[in-house]
Amino acid sequence: MKTQKTILTGLLAAMLPAAAGAQTFNEADYTPEQTTFRLFAPDNAKTVKLRIYKAGHKGRPDRTVKMERTAADTWTATVTGNLMGRFYTFDTGRGECAGVFAKAVGVNGQRAAIIDMDKTDPAGWNDDRRPVVKSPADLVIYEMHHRDYSIDASSGIANGGKFLALTDPKAIAHLKELGVNAVHILPSFDYASVDETRLSTPQYNWGYDPVNYNVPDGSYSTDPYKPETRIREFKQMVQALHKAGIRVILDVVYNHTFNIDGSNFQRTYPDYFYRKTADGKYSDGSGCGNETASEREMMRRFMVESVLYWIDEYHIDGFRFDLMGCHDIETMNAIRKAVDEVDPTIFIYGEGWSAGSCALPTEQLGLKANMKAMPGIAAFSDELRDALRGPFSDDTKGAFLAGKPGEEESIKFGIAGAIEHPQVDMSKVNYSTEAWASQPTQMISYVSCHDDMCLTDRLRASIPGITTDELIRLDMLAQTAVLTSQGVPFILSGEEMLRDKKGVHNSYNSPDSINRLDWNNMDRYPQVMDYYKNLTRLRRNHPAFRLGSADLVRRHLEFLPTQPGLVAFRLKDYAGRDDWRNIIVILNAAKQQRKVAIPQGNYTIVCHEGKIDENGLSTFSGSEATVSAQSALILHD
């Protein structure tokens, strides 16, 4: 892996003023003889104290040291002696905390730790390499939660619910067979809502309640009391996935903290890191009680450094920004620029919305409508998602998959990758009046994620009386739209085994019985996994589905006339230098078969009636194709 130790000093020094000195703020600079601590805290703090502990949990401090202000908003203390293995906290009078940039912590993240990071590297870590991906369009992203994937006994995976589960051969083999080449892991940094001191008691949370942004969460390690363990095991996970050719994308939640008064930000520099409204109240664009002020110098610097740190120390390959619409465009572009210096193929994407009004003008925010101002960054397409399954606002309302007409143009918009296309009528597209992506790789194509109902639950809620056969057909149809889109495809873990969450819309703290994958479904519904893996293989083997360029999409993607509940398109003239001259995809959500006029030719059918075979299922000649009810038809000449 290309390292960027110097970027944290060189590049950042050029990009961002070092308000807290040249070194990363909140960092302990260790040597065997002494350790120097620096803290970004206000000049007018009455007293700033450093406390040293033998243990990461309970017990009184060994030593309390008064820190001195050595520069503007910078407090320093040097402690003599070898502090390796010790823990520390900062206290500016608002309560002790681990500091903002802790890199290792004790149980529950209350105290930072001084450890030798080199000793956390698994064998062969220096030889770990990022799997090659030439374009984001080549990615197939699989979103997972550590517990969901492996906690159930039916998984047969060792270390269920832990980082190490993703080093298990069965866990890896399933991902490879499915054909995904990137896993998006839900927040894996140290978060608040799971008590690491009582892991024998089942606890569940998605983890969108940040405490220490730069340390893996202890609940996913085999020993949260030992700071080295969570770090080493996280690296082992990344290493195992990399060896399998799978990239690792980290879900990051810089837009808010678990709370205000108890946060590391507030306890070191009160009110600096948070936005307030004009009347002095804390702004709540996150919907979680606060929103961070990414536009402020040190918050911006923190975000840039944090991303680079995860890349450098943990070899992370991409980042999904939670509620990216809370962050300012300038900060997102600064992150993209810094990451490009390391590896331009590291993928960055996020939610192009906020959960409420932010205390910053909308034209400055990383919203979906502003994506053209953030080149190299992608956003989720709720246009395609809701056109397929129905609106976010009402789980009982269906859309295209429910056979309801009127969503065809929105699906075409998603198929094109949210770019301007002469055959997409933007006046009929939901949520957007104009194309927001400059390139198709700026659009995440998906029908479901951890948020809201999973796909099977949504189909059951929006189509009363749906049969299992219909459920499977529509599930496959939905993912065909996703995987043949010119955007970057994204699927929720377990959908390949027809997962459900018992109808729970927001399962962020639901028990394992709701969130876990039931691996027995692999035997119950083997046709679903077969279809998914053949669909990902079809995309991987045929560059026509992943052109990666707006100009190429406009040149080679041609939409055929729509019908109510039917969308059809052709990828023509050896698109992307594909082996197939013309590829036709027809998506039919109606409960009856349809006939579609196509250019006269000799065709090979490769997808029909829920089966995919690139070698061909059958052949025919003519100018009309017949597509079965609630299914997709893919053919080529």
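Residue numbers start at 1 and run along the sequence shown.
- A donor and an acceptor atom, one from each side chain of Tyr508 and His145, are nowhere located under 3.5 Å apart.
- Between Glu383 and Lys368 there is a salt bridge, since at least one side-chain N of the basic residue sits less than 4.0 Å from a carboxylate O of the acidic one.
- In this structure, a donor-acceptor pair under 3.5 Å is absent between the side chains of Tyr531 and Gln479.
- Formation of a donor-acceptor pair under 3.5 Å by the Arg130 side chain with backbone atoms of Arg247 is not found in this model.
- Once rounded to the nearest 0.5 Å, the distance linking CZ of Arg524 with CG of Leu498 reads 10.5 Å.
- At a threshold of 4.5 Å between non-hydrogen side-chain atoms, the residues Thr484 and Arg539 do not count as touching.
- Here the CD-CZ distance, from Glu407 to Arg389, works out to 11.5 Å after rounding to the nearest 0.5 Å.
- For the 3.5 Å distance criterion, the side chains of Ser549 and Asp551 fail to qualify, holding no donor opposite an acceptor.
- Between the Ser188 side chain and the Leu186 main chain, a donor and an acceptor come within less than 3.5 Å of each other.
- From Met453, atom CE reaches atom NE2 of His505 across 7.5 Å, with rounding to the nearest 0.5 Å.
- A salt bridge does not link Arg473 to Glu470: none of the charged nitrogens lies less than 4.0 Å from a carboxylate oxygen.
- Salt bridge annotation for Asp452-Arg458: absent, with no cationic side-chain nitrogen under 4.0 angstrom from a carboxylate oxygen.
- With no hydrogens or angles considered, no side-chain donor-acceptor pair links Tyr191 and Asn205 at under 3.5 Å.
- Here Lys501 does not pair with Asp457 in a salt bridge; the nearest charged N to carboxylate O distance is not below 4.0 Å.
- Side-chain N/O atoms of Ser507 and Asn515 include a donor and acceptor closer than 3.5 Å.
- Looking at heavy atoms from C-beta onward, Leu166 lies out of side-chain contact with Val248 at the 4.5 angstrom threshold.
- With contacts defined as side-chain heavy-atom distances shorter than 4.5 Å, the pair Val252/Val307 does not qualify.
- Using modelled atom types, one finds a donor on one side chain and an acceptor on the other under 3.5 Å when comparing Glu609 with Ser628.
- Between Ser135 and Thr441 the shortest side-chain heavy-atom distance falls below 4.5 Å.
- Between the side chains of Thr456 and Asp500, no donor N or O sits under 3.5 Å from an acceptor N or O.
- Within the 4.5 Å cutoff, the side chain of Glu408 has no heavy atoms near those of the Gln563 side chain.
- Taken from NZ in Lys162 to CE in Met237, the straight-line distance is 13.5 Å, to the nearest 0.5 Å.
- Asp475 and Tyr532 share a donor-acceptor pair across their side chains, judged by distance under 3.5 Å alone.
- Between Ser219 and Gln203, the side chains place no donor N or O within less than 3.5 Å of an acceptor N or O (distance only, hydrogens not considered).
- With hydrogens and angles left out, the side-chain atoms of Arg537 and Asn534 include a donor and acceptor closer than 3.5 Å.
- Partner of His421 under the ring-ring contact (aromatic ring centres under 6.0 Å, His included) criterion, chosen from Phe413, Phe559, Phe569: Phe559.
- Side-chain polar atoms of His636 and Asp579 form no donor-acceptor pair below 3.5 angstrom.
- Between Trp310 and the options Phe319, Phe234, Phe189, a ring-ring contact (aromatic ring centres under 6.0 Å, His included) holds for only Phe234.
- Side-chain contact of Thr468 with Tyr525: a donor-acceptor pair under 3.5 Å is absent, judged by distance alone.
- At a threshold of 4.5 Å between non-hydrogen side-chain atoms, the residues Gln439 and Pro136 do not count as touching.
- Going from atom CG of Leu633 over to atom NE2 of His608 covers 7.0 Å, rounded to the nearest 0.5 Å.
- Each of His174, His184, Glu495 was scored for a side chain to side chain contact (heavy atoms under 4.5 Å, CB included) with Tyr142, with one residue passing: His174.
- Ion pairing between Asp395 and Lys397 fails under the 4.0 Å rule for side-chain N and carboxylate O.
- Under 3.5 Å, the side chains of His327 and Asn255 contain no donor-acceptor pair of N or O atoms.
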